Amino acid sequence: MSTVTRAYLDQRLAAADRCSREAAMAGAKAAAVATVAAAVPTLASVRMLPWARAHLNPTGQALIISTVAGMAYFIVADKAILSMARKHSFEDAPDHLKNTSL
């Protein structure tokens, strides 16, 4: 086994930091879109549907909208991190591990 140098660790840390920033931005963009996509039908249904008017108070409406936004953030951020990790995981691997075709 080879020794790990400080420069190598700094390079890997910088790459991980860049990946996490990109994933956070992608998640934030998805959360913004999901917020609008959930808010429009939720608020419209409260005005038009008698059941929604009777059972969805403002707290319930906010809970629906924020849950959708939170789910979108974490799902997109997680997928972005996993795809970047998968893309970079075999760069430094030995040659016999890079050929994974069966």
Side-chain angles (χ1 to χ4, degrees):
M1 278 239 157
S2 64
T3 59
V4 177
T5 64
R6 172 85 177 182
Y8 174 77
L9 290 176
D10 287 342
Q11 181 184 16
R12 299 298 286 177
L13 184 61
D17 185 46
R18 185 175 57 252
C19 290
S20 64
R21 283 183 200 271
E22 290 175 16
M25 287 303 297
K29 290 176 185 176
V33 171
T35 299
V36 173
V40 170
T42 302
L43 298 175
S45 66
V46 169
R47 290 182 175 257
M48 296 180 191
L49 300 174
W51 180 90
R53 187 178 302 125
H55 291 92
L56 290 178
N57 60 12
T59 304
Q61 297 167 32
L63 182 61
I64 291 169
I65 296 166
S66 65
T67 301
V68 171
M71 286 187 330
Y73 177 84
F74 285 112
I75 289 170
V76 170
D78 184 53
K79 282 182 167 270
I81 288 172
L82 289 175
S83 69
M84 286 182 239
R86 192 175 300 118
K87 184 176 12 172
H88 297 296
S89 65
F90 289 111
E91 285 180 355
D92 298 326
D95 289 333
H96 70 280
L97 293 177
K98 289 181 182 179
N99 186 9
T100 58
S101 62
L102 296 174

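All of these numbers come straight from a predicted model, not from anything done at the bench.
- Applying the 4.5 Å side-chain rule to ILVMFWY residues, one finds Y73 in the same cluster as F74.
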Please walk me through it: do L9 and T5 pass side chain to side chain contact (heavy atoms under 4.5 Å, CB included)? CA-CA 6 Å; L9 290 176; T5 64; over 6 Å; no
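- Nearest heavy-atom pair, I81 versus A23, reported as atom, atom and distance to 0.1 Å: CG1-CB, 3.4 Å.
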Under 3.5 Å, side-chain donor or acceptor atoms of residues 56-72 against the rest of the protein: list the pairs with distances, not counting sequence neighbours.
{"unit_1": "N57", "atom_1": "OD1", "unit_2": "T59", "atom_2": "N", "d": "3.3"}
{"unit_1": "N57", "atom_1": "OD1", "unit_2": "G60", "atom_2": "N", "d": "2.8"}
{"unit_1": "Q61", "atom_1": "NE2", "unit_2": "L56", "atom_2": "O", "d": "3.1"}
{"unit_1": "S66", "atom_1": "OG", "unit_2": "A62", "atom_2": "O", "d": "2.9"}
{"unit_1": "S66", "atom_1": "OG", "unit_2": "L63", "atom_2": "O", "d": "3.3"}
{"unit_1": "T67", "atom_1": "OG1", "unit_2": "L63", "atom_2": "O", "d": "2.6"}

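- If you chain together ILVMFWY residues whose side-chain heavy atoms come under 4.5 Å of each other, V40 ends up grouped with V36.
- Contacts classified as ring-ring contact (aromatic ring centres under 6.0 Å, His included) and involving residues 28-63 (residues at least two apart or in different chains) are given here: W51-H55.
- Applying the ring-ring contact (aromatic ring centres under 6.0 Å, His included) rule to pairs touching residues 17-41 yields nothing, sequence neighbours excluded.
- For residues 21-33, the set of pairs meeting the salt bridge (charged side-chain N to carboxylate O under 4.0 Å, His left out) definition, not counting sequence neighbours, comprises D17-R21.
- Annotation: ring-ring contact (aromatic ring centres under 6.0 Å, His included) contacts involving residues 26-50, sequence neighbours excluded, are absent.
- Sequence neighbours left out, not one pair with a member in residues 14-43 passes ring-ring contact (aromatic ring centres under 6.0 Å, His included).
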